[in-house]
**Q** 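Sharing a structure, written as structure tokens. Questions coming.
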Amino acid sequence: MAIHVLEEAQRCLNCKVPQCQKGCPIHTPIPKAIRLMLDGKIDEAGWMLFENNPLTTVCSLVCNHESQCEGHCVLGRKGAPVHFSLIEQYISSTYASKMTKGPAPSNGIRVAIIGSGPAGLTIAVILARKGYQVTIFEGKDKIGGVLRYGIPDFRLPKSVLDDFEYHHLELKGIRVRPNTTIGAAIGIDDLFRDGYKAIFIGTGVWQPNALHIKGETLGNVHFGINYLNNPDSYRLGETINVIGAGNAAMDVCRTAIRKGVRHVYCFSRTAHVAASKHEFDYARLEGVEFICGKRPVEIVEEGVVFEDVVEGEDGSLAAVPDSRRLYRADSTIISISQGPRNRIVSTTKGLEANGRGLLVADEYGRTTRPGIFASGDVTSGARTVVEAVEHSKRVAEAMDAYMQGREMEIQEKET
């Protein structure tokens, strides 16, 4: 692996105006990291990557590189781009094992982080670097949120998250309370009562969206996000229909194949697949069969009844008359995105959500209640990991300004 990484790194042109860096949502200093590695300064390169992105190792594995850093590489215009994802993964994983620095001197201010997904972990690390006493409240038994319970192990090994818990949380003095759901035994007001000066909400979107068609409650019908949470608990049979064709649906299809399903059919309402080309290509390589231009009408014990649809110029879908047909399967998995669960909103005064149930927050993560901030999927709907990191870096600075009485800085930025 190391030789291949070096070969990739040596292809970098070290552009004066690096388009790869422009293509990265968090503007990772890609040419500089590569030069440092080639100069034998891998620890310095690793430190720089983690300073810019606490989830750099994760992003090296799960980002949509083909449309971001690698998709903007000038070498990709006539040939293969520099595969920075491989280089980033090598640098960050090598450096992570060397982290020994303990927590920053405490400033005595407590901060609560609700949810340990990409947004929550980013906020926690940044604020811990500034000396805040950070406690993460996680509803499940381990940290990671969608990283652990929504992305398959073959794309993001759980060991990466376990290493993160030690190298980034324990070493920085960040406390974790697992199996603790805020809005149940403990509420937002309890946190303020116990001296937390600011609270961050990054609970993600775990409520699966439904089709609202007949047959959705049958025993052989499941939701994609629930399946990915613990696929070993499902008995799907030999043939499944997957409704939805985004990246999450690709994870469902590829996981099912790895769990012994022999025939996986993935259905898209439109004439194209919404997933990235990379995810689509691998799903097809592994045996997933794609059927486009089909809309589910009813789910029955024997499978799903679909009708053909055609897409109009305005994006609307019209059914083709007399085109309904049963596509047989032992099980059906619905994977058409998710929405938020509103336990916190329903138990907290002054905290507002929009019509989709997403928390109302401005670009700096400030919600409708002072002292409470939010970012990530719970405010924007399902997005990518790197987008959550990018926004959360901004929110962390706003939280720091709020707790230090420097909110005028944020107001000045707005004007």
Side-chain angles (χ1 to χ4, degrees), residues 50-58 96 99-148 161-183 186-204 344 359 361 364-367 369-376 378-379 385 388-407:
F50 278 109
E51 282 294 303
N52 178 67
N53 177 8
L55 296 181
T56 181
T57 307
V58 172
M99 289 184 180
T100 58
K101 187 177 180 180
S106 173
N107 62 14
I109 301 176
R110 291 179 183 165
V111 180
I113 307 295
I114 304 174
S116 65
L121 292 177
T122 300
I123 298 281
V125 169
I126 292 175
L127 293 182
R129 289 172 179 167
K130 297 177 181 292
Y132 290 97
Q133 295 178 310
V134 179
T135 298
I136 296 175
F137 296 85
E138 171 52 51
K140 296 185 181 294
D141 60 334
K142 291 182 178 291
I143 67 150
V146 69
L147 301 176
R148 185 182 294 274
L161 300 173
D162 295 336
D163 290 344
F164 186 96
E165 186 163 14
Y166 173 72
H167 295 302
H168 287 279
L169 303 188
E170 290 186 26
L171 287 180
K172 289 180 173 60
I174 298 171
R175 293 178 175 176
V176 178
R177 285 189 59 169
N179 301 312
T180 305
T181 300
I182 302 301
I186 298 174
I188 291 287
D189 292 327
D190 297 318
L191 298 176
F192 280 127
R193 176 202 64 198
D194 290 346
Y196 292 92
K197 193 165 185 179
I199 297 170
F200 173 79
I201 300 174
T203 47
I344 292 179
L359 282 179
Y364 297 102
R366 296 175 296 193
T367 68
R369 179 166 170 176
I372 301 179
F373 296 76
S375 76
V378 75
T379 63
V385 174
V389 173
E390 187 275 331
H391 185 213
S392 296
K393 289 176 65 175
R394 202 180 324 142
V395 174
E397 296 304 320
M399 292 179 69
D400 178 46
Y402 169 80
M403 290 183 284
Q404 298 295 334
R406 295 185 282 103
E407 283 194 285

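Remember, it's a predicted structure, so these values are computed and weren't measured experimentally.
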**Q** Taking all non-hydrogen atoms of both residues, which atom of A112 and which atom of L191 are closest, and how far apart?
**A**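 Result for this residue pair: CB-CD1, 4.0 Å.
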**Q** Taking the side chain as C-beta and beyond, is there a heavy-atom pair between R177 and I186 under 4.5 Å?
**A** yes
**Q** What I'd like to find out is whether the side chain of F164 reaches to under 4.5 Å of the side chain of T57, using heavy atoms alone.
**A**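 They are not in contact (no side-chain heavy atoms under 4.5 Å apart), so the answer is no.
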**Q** Tell me the closest heavy-atom pair linking Y364 and A398, and the distance in Å.
**A**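 In this case the closest contact between Y364 and A398 is O-CB, 3.5 Å.
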**Q** Sub-3.5 Å donor-acceptor pair from the side chain of K197 to the main-chain atoms of M403, do we have one?
**A**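 Yes; at least one donor-acceptor contact below 3.5 Å.
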**Q** How long is the span from the CG atom in N107 to the CD atom in Q133, to the nearest 0.5 Å?
**A** 7.5 Å
**Q** Kindly give the heavy-atom pair with the smallest separation between I136 and S116, and that separation in Å.
**A** CG2-CB, 3.8 Å
**Q** Could you pull out the closest heavy-atom pair between L127 and V134, with the gap in Å?
**A**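 In this case the closest contact between L127 and V134 is CB-CG2, 4.2 Å.
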**Q** When you compare the side chain of Y132 with that of D400, does any pair of heavy atoms fall below 4.5 Å?
**A**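 A side-chain contact under 4.5 Å exists here.
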**Q** State, yes or no, whether a side-chain contact exists between D162 and Y166 at a heavy-atom distance under 4.5 Å.
**A** no
**Q** About how many Å separate CZ of R148 and CG of D141, when rounded to the nearest 0.5 Å?
**A** 8.0 Å
**Q** So K393 and E397, salt bridge (Lys or Arg N to Asp or Glu O under 4.0 Å) or not? Walk me through it.
**A** CA-CA 7 Å; K393 289 176 65 175; E397 296 304 320; over 6 Å; no
**Q** Flag the pair E51 and R129 as a salt bridge only when some basic side-chain nitrogen lies within less than 4.0 angstrom of an acidic carboxylate oxygen.
**A** yes
**Q** If I compare all heavy atoms of A388 with all of P118, which pair ends up nearest, and what's the gap?
**A** CB-CB, 4.0 Å
**Q** If you define the side chain from C-beta out and look only at heavy atoms, does anything of I114 sit under 4.5 Å from I188?
**A**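 In short, these two side chains touch, coming nearer than 4.5 Å.
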**Q** Look only at the side chain of S375 and the backbone of G365, and say whether a donor-acceptor pair between them is shorter than 3.5 Å.
**A**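 Not a single qualifying donor-acceptor pair exists.
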**Q** Rounded to the nearest 0.5 Å, what's the gap from CD1 on I182 to CD1 on I344? Could you check?
**A** 7.0 Å
**Q** Can you classify the ring geometry of Y402 versus F373 as parallel (below 30°), tilted (30 to 60°) or perpendicular (above 60°)?
**A** perpendicular
**Q** Just verifying a value: how many Å separate F200 CZ and T367 OG1, rounded to the nearest 0.5 Å?
**A**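 Here the rounded value is 11.0 Å.
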**Q** Mind checking the CG-CG spacing from L169 to L121? Nearest 0.5 Å is all I need.
**A**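 L169 atom CG to L121 atom CG measures 6.0 Å (nearest 0.5 Å).
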**Q** Got a second to check how far I372's CD1 is from F192's CZ, nearest 0.5 Å?
**A**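 If I round to the nearest 0.5 Å, the distance is 4.5 Å.
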**Q** Considering all heavy atoms of both residues, which atom of H391 and which atom of G376 are nearest to each other, and what is their separation?
**A** ND1-N, 4.2 Å
**Q** Counting distance only, does the side-chain N/O of R110 pair as donor-acceptor with the main-chain N or O of T135 below 3.5 Å?
**A** no
**Q** For the backbone of P178 and the side chain of T180, can you confirm whether one donor and one acceptor N or O come within less than 3.5 Å of each other?
**A**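 The answer is yes, because a donor-acceptor pair under 3.5 Å joins these two groups.
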**Q** With a 4.5 Å cut-off on side-chain heavy atoms, are M399 and I123 touching?
**A** yes
